[in-house]
Each structure stands twice: as C-alpha cells, then as structure tokens.
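These notes are about the structure you will find just below.
Chain identifiers are assigned alphabetically (A, B, ...) following the order of the sequence lines, protein sequences preceding nucleic acid strands; residue numbering begins at 1 within each chain. All values below come from the heavy atoms of this structure, side chains included, with hydrogens, waters and symmetry mates left out.
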Amino acid sequence: MLDKTYAPDEVEGRIYADWEKAGAFAAGAGAQAGARPYAIVIPPPNVTGSLHMGHALNNTLQDILVRWKRMQGFDVLWQPGTDHAGIATQMVVERELAEEGNVDRRTMGREAFIERVWQQKEKSEASILGQLKRLGASCDWSRTRFTMDEGLSAAVLKVFVELYRAGLIYRGKRLVNWDPQFETAISDLEVENVEVDGHMWHFKYPLAGGETYEYVEKDDDGNVTLRETRDYISIATTRPETMLGDGAVAVHPSDERYKPIVGKLCEIPVGPKQHRRLIPIITDPYPDPDFGSGAVKITGAHDFNDYAVAKRGGIPCYRLMDTRAGMRGDGAPYAQAAALAQTIVEGAQMSEAEIDAINLVPDEYRGLDRFEARERVVADITAEGLAVTTTDEEGNEVALVEARPIMQPFGDRSHVVIEPMLTDQWFVDAEALAKPAMEAVRDGRTKFVPAAWDKTYFNWMENIEPWCISRQLWWGHRIPAWYGPDDEIFVAEDEEGALDAAIQHYLAHEGPWKAWVEERLENYGPGDILTRDEDVLDTWFSSALWPFSTLGWPEGTAELTRYYKTDVLSTAHDIIFFWVARMMMMGLHFMDEVPFHTVYIHALVRDEKGQKMSKSKGNVIDPLDLIDRFGADALRFTMAALAAQGRDVKIAESRVQGYRNFATKLWNACRFAEMNHCARVDGFDPSLVNLPLNRWIIGEAATTAAQVTEALEAYRFNDAASAIYRFIWNTYCDWFLELAKPVLNGPDGAGKDETRATAAHVRDEMLILLHPFMPFISEELWGRVDNAAARETMLVHAVWPEPGGVLTELASEAKTEIDWVIELISTIRSVRTELNVPAGAKIDLVAVSADEASRHRLDRAEEAVMRLARIETVTHANAVPEGAVQAVVGTDTFALPLAGVVDVAAERARLGKESDKLEKEIGGLERKLANEGFLSKAPEAVVEEQRERLVEAQAMRARLSDAIERLSALS
RNA sequence: GGGCGGUUAGCUCAGUUGGUAGAGCGCCACGUUUACACCGUGGAUGUCGGGAGUUCGAGCCUCUCACCGCCCACCA
C-alpha cells in the first residue's frame with residue numbers, strides 16, 4: 001500500500017542505484033534487435049564547480065531525449081565526461097592555494113602545481129558527476145571520459161600534428177589579446193568588450209626641427225574657419241601611456257589640413273628631451289578626418305587597428321610592456337596588469353642598431369602599472385605645456401580632457417583590461433576549416449533548432465579570424481612542438497619523433513648547427529638538443545574533438561563506427577562559437593562527416609525577474625537545493641515545461657512546487673487505483689473494451705501518446721510536458737477516475753473487471769509517457785504497484801507506444817458520449833455555483849424531451865452524474881417544469897427545479913450574461929456569412945463550419961429566451 | 001555601426017501552414033464526495049505595444065514607429 005504522499009528523498013537514490021546495478025544506461029541497453037543507434041555526447045562540465053541551473057536544464061533535456069529514444073528501442077548511447085577547462089581550473093586552484101596561505105604556483109613549480117590540479121580534478125569530477133546522477137541523468141558512466149585522459153590526449157596530439165603538417169596550424173608573431181591577470185594570450189572569444197567611462201586627451205606632437213606650417217580648417221561649405229601657423233600636429237588618444245611605443249602619426253590621404261606635413265617627422269612628447277624619438281607623419285585610409293583632430297598615433301604593438309596600419313605602412317611596432325607583472329606585492333586584483341617594461345622592439349623594419357639606440361621606456365616609468373603610467377604621462381605632458389588646452393568657465397586655460405564612454409576589452413574570466421600584445425603564438429587557420437563547416441549547415445546536413453541560430457553561426461564563420469590556440473598556462477595539453485638551437489620548429493606526437501626529425505634535419509644541412517648537433521650527440525646525449533614549447537593548448541581545442549575523441553578516435557573502435565555521427569547536440573547559444581562551430585570544423589576535417597545532425601539550442605536560465613544569475617547579484621538558484629526540497633522529478637519537469645524555444649527561461653520556485661504537487665497527484669491516482677484493485681490483466685487488448693468510459697480513456701491516452709511523441713520529435717519539450725500533465729491531471733484524475741467510481745464501487749461483474757483492467761492499463765501508459773520527464777517517481781510506481789514482480793522490464797526499458805490513430809478512432813463515438821457527460825456535469829455545477837445553491841444541497845435533474853441517444857447516455861452515466869453534480873433524482877419530461885432553471889448541453893435541454901431555492905435576480909443575470917455572449921457570437925457569424933467575399937473565397941469547409949456554428953448558436957438563443965420568459969413569469 | 005529576438009490576462013509565458021485568444025501561478029467564492037488540502041468545484045480578468053497595409057478574414061503576413069533585451073564590431 002502506497003503512502004499518502006511521495007517522498008522523493010527516500011526514493012531517488014535507491015531507484016538510481018537500481019538502474020546502475022541493472023546496467024540500464026549502458027550503450028545499447030534495452031535496445032531491440034537490429035536497433036538503430038542514437039547518440040548524444042554530453043557537453044562536458046568543467047572540473048571546477050558544481051551543477052548550476054544551466055546544467056540542470058541542458059542535461060534534463062538531453063536525458064528526456066535519451067530516455068525516450070531508449071524506450072523506443074533505439075541503441076542509445078549518452079556519452080558522458082568532463083572538461084579540464086584550462087584557465088578556469090588553474091584559476092580555482094591558484095585561488096585555493098592563496099586561501100590556504102600556500103606558496104604560489106611559480107614557487108611551487110610546474111610539476112607540483114599540476115599534480116595539485118589533478119587532485120582538484122578528481123575531487124570536482126566526482127562531485128559534479130554525482131550531481132548529474134541526482135538529476136537522473138542516464139549516461140553510460142562506464143564510458144566516462146576526461147579531456148586530458150590518455151586517449152583524448154592522444155587524439156589532441158594527432159590532430160595538432162596533422163593540422164600542422166597540413167599547414168592549418170602555424171606559429172607566428174602577431175598581435176594577440178593578452179590577459180595580464182593570468183599572463184597568457186586568450187582568443188578573441190574570451191574577450192568581452194564593455195563600455196566604460198573613459199577619457200580622451202589631446203596632445204601636441206612638435207614637428208622635428210621646430211618646423212612650422214599653415215594649418216587651415218574649413219566648414220562643410222568650404223569657408224575658412226581657422227587659419228594659424230603651427231609647429232605641431234595634434235593627436236587625440238585614450239591611451240597616453242602607449243605613446244612611447246608610437247611608430248608614426250597617420251592622417252587620411254584626403255585630409256587637406258595635413259598635406260603640408262605628410263612625410264615629415266614629429267616628436268613623441270614624452271620622456272627625457274634628449275632621448276625623444278622622431279616618428280614619421282604618414283597617410284592611411286584608417287583615420288577619420290571628422291573625428292578628433294583627424295590625426296592618429298600609430299602604436300602597432302598595443303592596438304589592433306594600429307597594428308593593421310603599421311603592417312600596411314611598414315611602420316615598426318614597439319612593445320612597451322612585459323608579459324610578466326613581476327613582484328609588485330600590493331595584491332590588489334587590478335594592479336597585476338602588465339607593467340611598463342624594458343625595451344622590447346618587435347618590428348621587421350628596424351635594424352638591430354637602431355633598436356639599441358632607442359631607449360623606449362624612460363627610467364621613471366619603468367615598472368609602473370599601465371594605469372599609473374597613464375597618469376604620469378598625462379601629468380608630464382601637461383606640465384610641459386604640450387597638452388591641447390581649452391578655457392574653463394572661469395577663463396583659465398586648462399588641458400582638454402573629454403570624458404567619453406569607450407569600449408574596453410576585458411578578460412571573460414579575469415575581468416581585467418586586456419592588453420593587445422605582440423607575441424609569438426600558435427594559430428589555427430580557422431578560415432580554411434570553416435568553409436566545409438558552413439557548407440554542412442547550408443545544405444542541411446546539420447540543422448539548428450530553432451533554425452534562426454544558423455544566422456549567428458554563419459555570421460561568425462564568415463568573418464572568422466585565425467584562432468589563437470596557445471596559452472601560457474600550465475594546466476592543459478602541452479603543445480607538441482620542440483625547438484632546435486636555431487629555433488627551428490619540430491612538431492611530432494612525442495619527443496622521440498621530434499628528435500628524429502631534428503637530427504635528420506641538422507645532419508642533412510651544412511651549417512653552423514650541424515657540428516653542434518654532432519658534438520651534442522657524442523658528448524651529452526640527445527636530450528639536450530631540443531627544448532619543448534612551454535605552452536599549452538586552448539581548452540576548446542580538445543573540446544572540439546569531443547564527439548569523436550570520446551568514441552575512441554584515433555583508434556577505429558566499434559563505438560566510433562556505430563555512434564558517429566552522433567544525433568543531437570544540446571547546448572546554450574553562448575557556446576555556438578566556442579564549441580559548436582569548432583566541433584563542426586574538426587569533425588568534418590578528421591571524420592569527413594558532421595559530428596551531429598541537429599544542434600538544439602536551449603534557452604538561458606534566468607531568475608524570476610529575468611536577471612542573469614550571478615553570485616555577485618546573489619540571485620543564484622541552486623538546483624541541488626531545489627532537488628532536496630521538491631525532488632529531482634519536479635525540477636526536471638519544470639525545466640521541460642519552461643523550455644519553450646528561443647527564449648530565456650525564467651525560473652520561479654512556485655513552478656517547481658507546482659510540479660512537485662503534480663507528482664503527488666499522480667502518486668495518489670495510483671494509490672487510488674491500487675485501493676480499488678485495478679490490476680493488469682494478461683492479454684488485455686485495449687481495442688476490445690466495451691464501456692464507453694473505458695473506450696474513451698484509452699482513446700485519450702492514445703491521443704496523448706501521439707502528442708507527446710510528436711512534440712518530442714520537434715524538440716518541443718514544453719508541449720510534450722503539458723500534454724502529459726493535462727492528461728494525467730485533467731483527464732485521468734479529474735474525469736476518468738471520478739466517472740469510474742460508481743463502477744468501481746458497484747457490484748462485481750464484467751463492467752467492473754473491465755474498468756479495473758483499463759484503469760491499470762492506462763496508468764501504465766501514463767507512467768511510460770511520463771518517464772522521460774519524471775524518471776524517479778514513474779519507475780518507483782512501476783516497480784511498486786500492481787504485481788510489480790511480474791513486470792517484464794524496468795520502466796526505463798519499457799516500450800514506448802507506437803504512434804497510430806487506431807485506438808483514437810475506435811474511441812471516437814465514446815468520446816462524443818463522455819464529452820457530453822462531462823459538459824452536462826460541468827454545466828450543472830456551474831449553474832449551482834452561480835445561483836448560490838448550497839454545496840450540500842441535492843437537487844433534481846429533469847431531461848426535457850431528450851431523444852433516444854441522449855436518454856441512453858444519461859442512463860449509462862446516471863450514477864456518475866448524480867454523484868458529481870450532487871443530483872437527487874433524474875427524471876424525464878416533455879416540457880420545462882414551472883419554476884425550473886434551464887441548462888443547455890449541446891442540443892439537449894435540462895431543467896433544474898429550483899423554485900424557492902433560486903435567486904431569481906442571480907438567475908436573470910446569469911441568463912442575461914449568457915445571452916449577451918451568444919448575441920455577440922451570432923452577430924459576428926451572420927456578418928461573416930453575409931459577406932460575399934467570404935462565401936466565394938473562403939474554403940468550403942470553413943464556410944460550412946461557420947454555418948453550423950450559427951445554427952447551433954441560434955438554437956441555443958431560442959432555448960435561452962424561453963428560459964428568460966419563464967423566469968419572468970415566475971417572478 | 002551591423003545583426004538577431006521580444007512587446008498577448010495581475011505575474012511568468014504558450015499560441016506550428018492566417019478562420020476573431022489559452023495554460024500555470026496568483027486572485028475571489030464555496031467545499032459535500034472510499035485517492036489526493038502538495039486537494040476539489042465554480043468564478044473574474046485581455047482595444048494580443050501604437051499606426052498603416054495585404055486579405056473575405058490578421059495575435060499570426062508586409063511596412064512603419066515606440067520601447068526592452070541580446071550578440072557582433074577597430075572609431076583614435
């Protein structure tokens with residue numbers, strides 16, 4: 001006997017253990033012979049934190065698909081695993097070290113630090129996988145992979161080497177986004193551009209040798225508005241501290257104002273006067289003559305636009321900052337930005353001699369933080385009188401500083417200002433790989449759901465830039481590249497391979513290094529010849545291989561053959577670039593086939609006010625907490641019900657609570673069935689039942705099964721959820737069980753047997769349809785009620801109903817009848833409430849001039865009607881009795897003799913309201929049917945439908961007006 | 001600057017080929033019944049953001065305006 005309420009916390013752990021013990025989630029478990037494969041790879045959670053709402057949503061949806069397909073008999077694999085999450089994990093461990101008061105990673109050393117990170121990985125992985133299990137995720141845990149495990153690392157090495165050999169990976173000195181906090185390069189995608197309050201300063205760059213020119217400014221009509229003699233060129237900048245690295249000043253070729261001085265030199269007005277550098281004034285299409293002064297300082301090593309200008313114009317790029325902050329010791333988070341540094345010049349045009357001659361960063365600025373240096377530079381220039389000035393309100397001359405919003409790049413993890421830096425990095429030629437990846441979406445081999453996301457995909461892919469994949473971190477896949485004594489690069493899957501290649505290379509080439517290598521080999525051994533690249537790969541590099549690396553690639557495993565390509569990838573839209581696009585590229589390149597045919601993009605989870613959840617806002621809802629309080633099933637059902645496409649998911653706790661109540665409702669329905677000895681009957685054939693009520697519920701169940709299936713096929717999780725919700729609560733509980741009570745309470749006999757068998761049969765159907773959404777409670781009920789020992793399988797492997805209209809068709813007549821009964825009861829209830837008939841009072845029901853069919857129906861449903869509508873007697877008459885209230889159900893009229901009980905005014909109001917509604921409807925229908933255009937142009941069926949509606953409405957109106965008349969006579 | 005999405009009941013949102021609006025929660029009233037108060041029964045509530053157009057007919061298609069989100073982008 002079931003308890004009165006369902007206790008998820010007592011059930012879920014046990015049920016999950018049962019599934020695991022039975023190997024229920026193993027690839028192919030429960031599959032029919034010759035089943036087709038169905039595979040989903042999990043977006044691997046990072047080994048940093050714990051399950052958040054996004055995980056809960058995404059993994060619920062995947063689990064729904066996987067459980068559904070498994071029940072449909074597919075050979076299902078849900079491939080689990082975790083991601084090493086380079087920066088994120090390193091960050092967590094470094095923070096932990098600091099909190100423990102432990103030495104930092106540099107003091108610790110690379111090896112010890114990495115060992116420490118592995119400990120973190122073990123701890124975190126166990127935790128997050130455990131949380132996925134609490135959610136009910138039915139992954140094949142025996143196949144759990146980690147992006148840095150042996151097999152996946154082998155895949156990474158092979159991919160790197162092959163792409164390198166194909167010329168699709170290369171090393172180069174380029175301007176990259178440098179994160180001064182983590183001291184590593186990051187990719188464009190890891191940069192967030194944020195508008196912040198900034199300043200723009202205007203400075204005078206004196207012309208070399210005190211030269212002067214006539215500066216003329218004109219308005220749009222060509223009238224001269226300013227004419228003066230100048231010995232400088234005015235530039236505007238938001239980053240004065242980079243002036244020391246300027247390589248030129250650029251103006252637009254069409255800019256008449258600066259024509260006289262193009263090609264001449266000007267002086268950077270910072271630093272000791274004897275050491276100031278002269279730079280050329282050049283032309284380039286980049287400067288906008290209408291912005292600022294129209295002249296732009298070009299700092300190729302610290303600005304992406306300037307870098308492009310410098311490349312075009314052969315202008316040298318001077319890097320001003322170190323890639324290591326050094327020991328500053330003040331500990332402030334934003335103070336760890338790269339410091340202004342020793343002279344480092346990166347420019348192809350400059351000779352060694354020239355570089356040495358330049359003292360880029362004066363002593364007084366060395367070691368300063370970027371932002372400190374900025375203040376100093378501004379102060380120094382202003383003091384020297386080289387700032388462009390303006391007059392303030394009091395008539396004083398002051399330096400011109402415009403406060404203006406500027407877009408500033410921040411590291412998405414570090415939240416510090418990113419510094420463009422000229423460094424040596426590894427890049428993937430993304431453009432080449434993107435072409436087939438775009439083609440595959442264009443021709444439909446891979447589809448986005450909702451489809452609109454392909455626009456986002458294309459937009460990014462069409463403008464794709466080289467992908468910077470090297471990271472100056474320790475945690476990750478170390479790049480398989482080795483450098484020879486002359487910095488020659490040798491890429492191979494292991495050191496031995498690189499060394500072989502290197503020895504071969506050096507011995508085959510006459511030159512200074514041949515003898516050196518020979519000498520080394522003889523006296524020291526091969527270990528000293530090569531140095532391995534220190535860097536590791538971007539974490540997304542290994543993620544990009546996930547759909548095939550987890551299946552065993554590069555080994556030609558059976559799983560790889562069977563499950564690749566996979567079926568669906570489910571993720572959030574903010575991951576399309578980072579991950580989806582790159583999986584497409586790598587999958588197509590290495591497997592020659594797309595990694596999945598469908599990309600399902602789910603909504604983003606927000607709080608109930610629509611705010612993004614974040615720790616700082618304190619509005620984070622913890623899914624584990626919800627599971628503790630309401631059960632995993634309730635959380636899952638909420639996720640499914642809210643998963644409407646293309647939107648944000650706003651989660652309110654009341655919703656979860658509501659679905660917990662739903663679980664209880666189901667529980668009690670099963671409890672009721674159990675109490676009434678509703679049990680499965682061997683050989684029960686739903687198409688052979690007789691009672692209209694039973695035929696009806698079987699038809700409704702079949703309709704629901706079709707709806708749920710159809711919705712899932714279209715990834716409309718919310719539609720699927722609401723179909724099963726409505727069926728269980730509003731159809732099975734509210735009507736079927738209530739209408740069945742007279743039979744179940746009545747005398748034994750064929751009808752009672754049939755009703756019991758039907759109740760049990762439909763209950764099982766409900767459990768099956770509900771299982772993907774609420775796996776725990778459904779499995780628990782499946783295993784506890786009604787001779788559970790005789791079940792052929794656990795519910796997780798039960799057979800999903802084949803969609804097909806047979807049962808629905810068989811039930812169509814029964815549906816007409818039961819719908820009629822439901823309407824009759826509802827109408828009586830409605831009349832009772834509106835006329836304030838006391839709930840406890842039993843009243844009489846008179847069927848007026850009922851035809852044969854209606855008499856029959858009423859007869860069959862009499863007991864139920866009496867019970868549910870609180871009716872004392874049911875009688876027949878040819879006219880509405882004096883003083884009776886009338887109720888209309890379809891074409892039938894009923895009377896409720898309520899003389900004395902009735903509140904005449906209330907009844908008049910009720911009828912008046914109903915009549916108003918009718919008049920409105922009739923008016924609309926008449927107008928429509930009088931419309932020539934409608935009659936001639938609308939489809940026949942539509943016209944016919946409107947005609948029928950009009951006839952019905954008119955008949956109803958006639959009956960109503962009769963009733964109103966009688967009411968008048970009464971009063 | 002470019003692109004995408006949104007604006008429907010008090011709240012959160014459905015509404016799939018155009019046939020005059022739905023759910024959950026909340027609210028109000030009443031609670032008799034061999035499951036369930038995490039319940040039952042009934043009820044109220046919308047010029048579907050504004051305007052124009054196409055159409056016999058528009059929440060749905062077109063244009064336009066307003067407001068709100070998000071993404072991408074180099075204006076010093």
With sequence neighbours left out, the residues meeting side chain to side chain donor-acceptor pair (under 3.5 Å) with Lys928(A) are none
With C1' as the reference atom in both, quote the distance from U34(B) to G26(B) in angstrom, rounded to an integer.
-> 33 Å
Roughly how far, to the nearest 0.5 Å, is CD1 of Ile235(A) from CE of Met200(A)?
-> 9.5 Å
Regarding [X], tell me which of base, sugar-phosphate or nothing describes its non-hydrogen contacts under 4.0 Å with the strands shown.
X         : value
Arg671(A) : sugar-phosphate
Lys455(A) : sugar-phosphate
Cys733(A) : base
Phe291(A) : base
Thr456(A) : nothing
Lys4(A)   : sugar-phosphate
Glu932(A) : nothing
Ser722(A) : nothing
Asp288(A) : base
Gly294(A) : base

Please give, in whole Å, the distance from U41(B) P to Asp734(A) CG?
-> 5 Å
Phe672(A) has an atom CZ; how far is it from atom C1' of U34(B), in whole Å?
-> 7 Å
Comparing nearest nucleotides in RNA chain B, the 5'-proximal residue of the pair Arg867(A), Ala452(A) is Ala452(A)
For Pro939(A) and Asn668(A), take the nucleotide of RNA chain B holding the closest heavy atom to each; which residue's nucleotide lies nearer the 5' end?
-> Pro939(A)
Once hydrogens and angles are ignored, does a donor-acceptor distance under 3.5 Å link the base of [N] to the side chain of [X]?
X         : N      : answer
Glu738(A) : A35(B) : yes
Arg829(A) : U41(B) : no
Lys741(A) : A35(B) : yes

The side chain of [X] is closest to which nucleotide in this list: [options]?
X         : options                : value
Asn305(A) : G31(B), U16(B), C74(B) : C74(B)
Tyr286(A) : C74(B), G42(B), C38(B) : C74(B)
Arg716(A) : U41(B), U16(B), A76(B) : U16(B)
Val942(A) : C75(B), A35(B), G19(B) : G19(B)
Phe934(A) : A76(B), U34(B), G19(B) : G19(B)
Asn193(A) : G42(B), A73(B), C75(B) : A73(B)

Does a side-chain N or O from Lys842(A) land closer than 4.0 Å to OP1 or OP2 of U33(B), or not?
-> no
Under 4.0 Å between a side-chain N/O of Thr664(A) and OP1 or OP2 of C39(B), yes or no?
-> no
Find out whether the Lys NZ or Arg CZ of Lys665(A) is both under 6.0 angstrom from the six-membered ring centre of Tyr732(A) and within 45° of the ring's axis.
-> no
Indicate the atoms forming the closest heavy-atom contact of Ile601(A) with Pro450(A), along with that distance.
-> O-CD, 3.6 Å
For RNA chain B, what are the stems built from at least three Watson-Crick or G-U pairs in a row, each pair having both distances below 3.5 Å?
-> B:1-7 with B:66-72, B:10-13 with B:22-25, B:27-31 with B:39-43, B:49-53 with B:61-65
Any residue meeting side chain to side chain contact (heavy atoms under 4.5 Å, CB included) with Thr731(A), in chain and number order, not counting sequence neighbours = Trp696(A), Ile697(A), Glu700(A), Phe727(A)
side-chain hydrogen bond (donor to acceptor under 3.5 Å, both in side chains) partners of residues 2-11 of chain A, not counting sequence neighbours, each pair once | none
Kindly say whether Lys842(A) contributes a backbone atom to a donor-acceptor pair with the side chain of Arg870(A) at under 3.5 angstrom?
-> no
For nucleotides 45-48 of chain B, give me every protein contact, N/O to N/O, under 3.5 Å, one pair per line with atom names.
none

Heavy-atom protein contacts under 4.0 Å, nucleotides 20-26 of chain B, coded B base, S sugar-phosphate only, - none | B---SS-
Test salt bridge (Lys or Arg N to Asp or Glu O under 4.0 Å) applied to Asp786(A) and Arg763(A), step by step | CA-CA 10 Å; Asp786(A) 183 8; Arg763(A) 175 205 59 211; 2.6 Å; yes
Could you check whether the rings of Phe662(A) and Tyr659(A) sit parallel, tilted or perpendicular, using 30° and 60° as the cut-offs?
-> perpendicular
Evaluate the ring planes of Phe577(A) and Trp460(A), with Trp represented by its six-membered ring, and classify them as parallel (under 30°), tilted (30 to 60°) or perpendicular (over 60°).
-> parallel
Between Tyr258(A) and Ile281(A), does a side-chain contact (heavy atoms from CB on, under 4.5 Å) hold up when you go through it step by step?
-> CA-CA 9 Å; Tyr258(A) 302 112; Ile281(A) 297 165; 5.5 Å; no
